[in-house]
Amino acid sequence: MKNAKFEDVFREGLADLYDAENQIVAALPKLIAASSSEELAEALQEHLDETKEQVKRLDKVFQMMGEQPAGKTCEGMQGLLKEGERIISENEKSPVLDAGIIAAAQKVEHYEIASYGTARSMAEMLGQSEVADLLQETLEEEEAADENLTEIAADIMGGTGLGEGDEEEEIEEEEIEEEA
Ligand SMILES: [Fe+2]
């Protein structure tokens, strides 16, 4: 991107997200099929439906900008989803695998939260407030999906006697919130 403008960085980010979302649509059925927890499978299914709407929302964003979603490969998402597939291939269907699936899915959510947060802020700074609003909507859905996965993990792991790190994690979370 020689002599690139701010707009180009913004567009790159959107094209990256567009490909990332499509990769997620293709990958989620595998995570759903590998889940032993009904609660987890349902949450992932819901997020799959939501993700399909998020792709449409990005279509709308590109339309508003008078552009086509560019053919870009999101290598970051490829890597994260590959890790998820490896976890599935190396473990039997079980609550332990469920925890691994949640860990992988939360990395995906955090990637999206980072990317949508940046894209939303850039849209604002570039004066594209309608686009910023659409991106904010998706950002909030990703954050809710992430929080939901944390709760499901607590349900799954609460029953295994492996809950000892919990207190520490809560403190960490508080610290993060304070910093934000
Ligand atoms: Fe998404």
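In each ligand, atom 1 is the first atom listed, and ligand 1 is the first ligand listed. The structure displayed is predicted, hence computed values, not measured ones.
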Which residue pairs pass the salt bridge (Lys or Arg N to Asp or Glu O under 4.0 Å) test when at least one of the two sits in residues 99-123, sequence neighbours left out?
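Residue pairs with at least one partner in residues 99-123: Glu83-Lys107.
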
Heteroatom count (protein N, O or S) under 2.8 Å of the Fe ion (ligand 1):
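N, O or S atoms of the protein closer than 2.8 Å: 5.
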
Residue pairs passing the side chain to side chain donor-acceptor pair (under 3.5 Å) test where at least one lies in residues 64-74, sequence neighbours excluded
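For residues 64-74: Arg11-Glu67, Asp16-Lys72.
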
Tell me yes or no: between the side chains of Gln63 and Asp59, is some donor less than 3.5 Å from an acceptor?
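Result is no, nothing qualifies.
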
Is there a donor-acceptor contact under 3.5 Å linking the side chains of Glu50 and Gln54?
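On atom types as modelled, these side chains do not qualify, holding no pair under 3.5 Å.
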
Please enumerate all residues that pass side chain to side chain donor-acceptor pair (under 3.5 Å) together with Glu46, with sequence neighbours excluded.
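If we apply the side chain to side chain donor-acceptor pair (under 3.5 Å) test to Glu46, skipping adjacent residues, there are no hits.
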
Taking Glu53 first and then Arg57, would you say they form a salt bridge - that is, a charged N and a carboxylate O separated by under 4.0 Å?
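Salt bridge: no.
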
